[in-house]
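One structure is given below, encoded as structure tokens.
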Amino acid sequence: MPEKFDPKPDTLAASQGAFWVERHIASTMASAHWHNHVELNLLPAGRMTYLFNGKQEYVEANRLILFWAAIPHQTIEVSDNASLVCIYLPLADFLGLSVDRDIRRSIMQGKFLSNPRIDISDAMAAERWVEDWSGGDPMRRELIVEEVRLRARRLILDGKAGKEWLSVRSKATSSGPAVRHAETLTDLINEHFAEPLSMPRLAKLAGIHPATANKAFRDVLGISVNEYLTRYRIARAMQLLADTNIAVLNIAYDCGFGSSSRFYEAFKDRTGQTPLAFRRIVGGSDVDE
């Protein structure tokens with residue numbers, strides 16, 4: 001059976017694809033998770049480190065970040081009592097934003113976007129969003145959605161202007177062997193996902209014994225290498241379904257699935273819908289299979 005993200009009760013709406021805002025005390029994750037949103041995070045204080053798309057990404061206080069959460073991700077380091085505001089923007093809403101097409105595609109292919117500047121006004125806005133969202137007033141919630149869309153657009157525009165839109169990396173990230181092995185393996189998956197891949201081949205490319213590689217990956221990410229590979233392939237397929245008119249059959253092969261039936265089965269098991277249904281939801285064009 002595929003390994004799936006098990007949402008917390010208070011984020012059930014988010015896990016089902018709705019816009020959502022929440023605040024909680026950040027903690028390290030026992031395993032990687034994923035959901036079909038573009039996620040915005042803000043730490044009012046403290047610091048944290050994500051393992052995302054083969055890299056460690058450092059999150060500073062009052063520096064807004066944005067990433068596509070369909071790619072498996074995990075917090076591996078968090079300072080004590082770090083309050084985290086999470087905003088879940090449905091993919092269809094993100095695709096509807098008037099933003100640079102190349103940057104949008106890069107985000108959907110695994111780029112981690114961080115505000116070029118630390119901005120205290122983001123903390124003030126996030127606090128208001130949390131309070132107004134918790135209040136449940138429909139009109140205020142509608143305003144929050146509009147404000148978040150605008151803030152996401154500005155974040156992308158500011159990052160492009162500053163040529164710093166990829167990420168802000170930590171100079172003091174974890175360097176244990178298991179984390180290094182997991183980074184190497186995910187980086188190789190991201191580079192070779194369209195090719196036939198197996199654990200022995202990945203281990204050989206990484207220069208790691210297969211048993212060591214598999215254990216390190218599970219110890220850090222909490223899922224198997226094969227599950228990460230499948231989920232990453234699906235995330236890349238989602239980008240093509242949403243952003244191109246390529247036929248579903250061609251997408252299946254372009255993303256490393258050996259057959260359309262294998263692609264359909266894996267896609268539906270992990271997203272709850274078929275590739276064509278997903279394409280219609282996010283506004284992509286219908287094409288023959």
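For the numbers below, each heavy atom of this structure counts, side chains included, while hydrogens, waters and symmetry mates do not. Residues take their numbers from the sequence shown, with the count starting at 1.
Here the side chain of T49 pairs no donor or acceptor atom with the backbone of E57 at under 3.5 angstrom. The backbone N or O of F193 sits nowhere less than 3.5 Å from a side-chain atom of R236 that would complete a donor-acceptor pair. Panel note: side chain T244, backbone I246; a donor-acceptor pair is recorded below 3.5 Å. Between the S31 side chain and the L221 main chain, no donor and acceptor come within less than 3.5 Å of each other. Using modelled atom types, no side-chain atom of R233 and backbone atom of F257 make a donor-acceptor pair closer than 3.5 Å.
Counting non-hydrogen atoms of neighbouring residues, nucleotides and ligands closer than 6.0 angstrom, the CD atom of E265 reaches no more than 12 such neighbours. Within a 6.0 Å radius of CZ in R128, more than 12 heavy atoms belonging to other residues, nucleotides or ligands are found. Under a cut-off of 6.0 angstrom, the local environment of CZ in R149 is crowded, with over 12 non-hydrogen atoms contributed by other residues, nucleotides or ligands.
When all heavy atoms are compared, the tightest approach of L185 to A213 is CD1-O, 3.5 Å.
In this structure, the separation between CG on N245 and CG on L240 is 11.0 Å, given to the nearest 0.5 Å. Distance CD1/I107 to CZ/F94: 4.0 Å, rounded to 0.5 Å.
A continuous path of Ile, Leu, Val, Met, Phe, Trp and Tyr side chains, each step under 4.5 Å between heavy atoms, connects L95 with L276, placing both in one hydrophobic cluster. Note on I208: it does not cluster hydrophobically with V220, by side-chain heavy-atom contacts below 4.5 Å among ILVMFWY residues. By the rule that hydrophobic residues join a cluster once side-chain heavy atoms approach within less than 4.5 Å of another member, L91 and L97 end up as members of one cluster. Under a hydrophobic-cluster definition in which Ile, Leu, Val, Met, Phe, Trp and Tyr are linked whenever side-chain heavy atoms come within less than 4.5 Å, directly or via other members, M29 and L51 are assigned to different clusters.
The existence of a salt bridge linking R141 and D132 is excluded, since no basic side-chain nitrogen approaches an acidic carboxylate oxygen closer than 4.0 Å. Between E195 and R201 a salt bridge is recorded (basic side-chain N to carboxylate O distance below 4.0 Å). Here R270 pairs with E227 in a salt bridge; the nearest charged N to carboxylate O distance falls below 4.0 Å.
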Run the numbers on I25 and L84 for side chain to side chain contact (heavy atoms under 4.5 Å, CB included), then give the verdict. CA-CA 6 Å; I25 299 299; L84 179 66; over 6 Å; no
Ring pair (Phe, Tyr, Trp, His ring centres under 6.0 Å) between Y50 and F67, intermediate numbers included: CA-CA 11 Å; Y50 273 113; F67 59 91; 5.2 Å; yes
Take N41 and E39, measure what side chain to side chain donor-acceptor pair (under 3.5 Å) needs, and give me the verdict at the end. CA-CA 7 Å; N41 287 176; E39 187 170 338; 2.9 Å; yes
Test ring pair (Phe, Tyr, Trp, His ring centres under 6.0 Å) on H73 and H35 and set out the steps. CA-CA 10 Å; H73 55 283; H35 45 95; 5.7 Å; yes
Report the C-alpha distance between R23 and E127 in whole Å, list the side-chain angles of each, state the deciding distance to 0.1 Å, and finish with yes or no for salt bridge (charged side-chain N to carboxylate O under 4.0 Å, His left out). CA-CA 9 Å; R23 176 173 51 200; E127 181 70 22; 2.6 Å; yes
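Checked against the 6.0 Å centroid criterion, the rings of Y228 and W34 do not qualify as a close aromatic pair.
The residue from D122, I118, D119 that alone fulfils the side-chain contact (heavy atoms from CB on, under 4.5 Å) condition with R63 is I118.
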